[in-house]
2 protein chains.
Amino acid sequence: MTSGTLVPVFAALGDETRWSILAALGEGDASASALAGRLPVSRQAIAKHLVVLQEVGLVEPVRVGREVRFRVIGAQLSDTARSLETIGAQWDRRLAAIKEIAEGL
Amino acid sequence: MTSGTLVPVFAALGDETRWSILAALGEGDASASALAGRLPVSRQAIAKHLVVLQEVGLVEPVRVGREVRFRVIGAQLSDTARSLETIGAQWDRRLAAIKEIAEGL
DNA sequence: AGTATGTGCAACTCTGGGGTTGCAGCAAGA
DNA sequence: TCTTGCTGCAACCCCAGAGTTGCACATACT
């Protein structure tokens with residue numbers, strides 16, 4: 001369920017404000033308004049970020065009464081991490097192979 | 001080493017063009033001019049991307065005669081992957097703990 | 001009922017970054 | 001030497017997106 005398109009996930013993770021949102025959510029689910037009280041940005045800005053985070057599966061909305069709290073989905077990070085690890089390993093293997101060839105083997 | 005500058009790495013990885021550059025470099029080191037022949041963007045655009053990739057340690061310049069070839073550094077991807085994995089695991093552990101509490105335990 | 005708080009939508013500004021073209025500089029081969 | 005091809009720098013365009021304000025709507029609480 002990593003959605004195959006991991007570039008948008010990285011784009012989502014490439015913003016400081018979104019990381020502070022994720023960090024804040026890491027200490028407990030919270031609504032956009034609650035987050036706006038803790039972070040130096042407006043509620044609407046946070047709402048937009050939450051949309052982005054939700055679209056890439058890093059966060060999940062949970063209705064609690066009339067408010068919408070958001071929860072971090074750690075599994076998405078783990079999946080993304082595994083994809084990265086795989087790609088990095090492939091490149092390292094290629095480099096190792098080239099090195100062997102270069103050294104005459 | 002990778003810790004403090006995590007976000008810029010993600011920002012660098014959050015661009016399709018840079019991924020195609022990385023993919024192209026994955027098949028062998030190449031110069032900006034060589035890449036410009038393979039990708040549908042100008043050499044200068046690629047040069048800028050290479051600067052970004054180099055700044056976050058995803059790529060390394062190698063002078064070969066009068067040209068500058070670039071090599072992918074897979075280790076940086078692996079390091080970043082490990083950081084992600086750790087964070088994701090922490091969040092998942094917190095969610096698990098909350099679930100236990102919620103279930104009465 | 002009325003009030004208050006949280007959410008959603010829309011318009012707007014403005015900076016950053018992806019992309020381009022053009023030109024100057026410089027190293028290697030003829 | 002001259003010439004060719006690769007690099008580096010600078011100026012410029014353009015749009016996506018981060019942020020704001022303002023207002024309308026809905027849902028809970030009294």
Side-chain angles (χ1 to χ4, degrees), chain A residues 3 5-25 27-73 80, chain B residues 5-25 27-73 76 80:
Chain A
S3 64
T5 63
L6 62 151
V7 178
V9 178
F10 292 127
L13 292 176
D15 184 273
E16 300 278 1
T17 303
R18 280 195 281 268
W19 272 101
S20 36
I21 292 178
L22 288 175
L25 289 181
E27 297 174 5
D29 302 352
S31 65
S33 298
L35 290 171
R38 289 213 263 163
L39 300 177
V41 283
S42 68
R43 174 183 62 86
Q44 290 78 357
I46 292 180
K48 287 185 185 179
H49 284 304
L50 286 172
V51 169
V52 175
L53 291 173
Q54 182 179 346
E55 283 175 347
V56 298
L58 282 170
V59 128
E60 189 183 32
V62 181
R63 293 204 64 98
V64 178
R66 69 174 165 176
E67 61 181 320
V68 181
R69 295 190 186 157
F70 287 84
R71 159 184 310 152
V72 176
I73 305 179
T80 305
Chain B
T5 56
L6 243 193
V7 179
V9 177
F10 291 127
L13 292 176
D15 184 273
E16 299 280 0
T17 303
R18 279 195 282 268
W19 272 101
S20 34
I21 291 178
L22 288 175
L25 289 182
E27 298 174 5
D29 302 352
S31 65
S33 298
L35 290 172
R38 287 213 264 164
L39 300 177
V41 282
S42 67
R43 174 182 66 85
Q44 290 79 354
I46 292 180
K48 287 186 184 179
H49 285 303
L50 287 172
V51 169
V52 174
L53 292 172
Q54 182 180 346
E55 282 175 346
V56 298
L58 282 170
V59 128
E60 190 183 33
V62 181
R63 295 207 61 101
V64 178
R66 68 175 166 174
E67 64 182 316
V68 181
R69 294 187 187 160
F70 288 84
R71 157 184 312 152
V72 176
I73 304 180
Q76 171 70 319
T80 305

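Residue numbers start from 1 in every chain, and the chains themselves are labelled A, B, ... in the order their sequence lines are given, proteins ahead of strands. Here the structure is a predicted model, which means the values were calculated and not measured.
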With a 3.5 Å cut-off and just heavy-atom distances, do the side chain of B/Q44 and the base of C/dG22 make a donor-acceptor pair?
-> yes
Atom CG of B/L35 and atom P of C/dG19 are separated, to the nearest Å, by 13 Å
- For residues A/L25 and A/V59, determine if any side-chain heavy atom of one lies less than 4.5 Å from a side-chain heavy atom of the other. yes
Review point. Checking A/R38 side chain against A/A24 main chain: does a donor-acceptor pair fall under 3.5 Å?
Key: yes
(message) Counting the atoms with a prime plus P, OP1 and OP2 as sugar-phosphate, which does B/R18 contact under 4.0 Å by heavy atoms, base, sugar-phosphate, or nothing?
(response) sugar-phosphate
Note: for A/G65 and A/V41 on DNA chain D, the residue whose nearest nucleotide lies more 5' is A/V41
Whole-Å distance, A/L50 CG to D/dG19 C1', equals 15 Å
Atom CZ of A/R38 and atom P of C/dG6 are separated, to the nearest Å, by 15 Å
**Report entry** Polar side-chain contact B/K48-C/dG17 base: donor and acceptor under 3.5 Å
**Finding:** no
Taken to the nearest whole Å, CG/A/L39 to P/D/dA18 is 15 Å
So does B/S31 get a side-chain nitrogen or oxygen closer than 4.0 Å to the phosphate oxygens (OP1/OP2) of D/dT7? yes
Atom CD1 of A/I21 and atom P of D/dG19 are separated, to the nearest Å, by 8 Å
In whole angstroms, the gap separating P of C/dG29 from CD of B/E67 amounts to 11 Å
N/O (side chain, A/T17) to phosphate O (OP1/OP2, D/dG19) under 4.0 Å: yes
| task | Verify the contact: side-chain N or O of B/S42 to OP1 or OP2 of C/dT20, cut-off strictly under 4.0 Å; return yes or no. | result | yes
Fill in: Any B/H49 side-chain N or O less than 4.0 Å from OP1/OP2 of C/dG17
no
From CZ of A/R63 across to P of C/dG6 the rounded distance in Å is 14 Å
In whole angstroms, the gap separating P of D/dA16 from CD of B/E16 amounts to 15 Å
Notebook entry, point to check: Under the 3.5 Å rule, do the base of C/dG8 and the side chain of A/R43 count as making a donor-acceptor pair?
Noted result: yes
Testing D/dC6, C/dG18, D/dT20 for proximity to the side chain of B/S33, the answer is D/dC6
request  = Say whether, by atom type as modelled, one donor and one acceptor occur between the side chain of B/W19 and the main chain of B/L13 under 3.5 angstrom.
outcome  = yes
Next on the checklist: Under 3.5 Å, is there any donor-acceptor pair linking the side chain of B/R66 to the base of C/dG25?
Outcome noted: no
Q) Is B/R69 salt-bridged to B/E60, cutoff N-O under 4.0 Å? A) no
Rounded to the nearest 0.5 angstrom, the OG1-CG distance for A/T17 and A/L39 is 8.0 Å
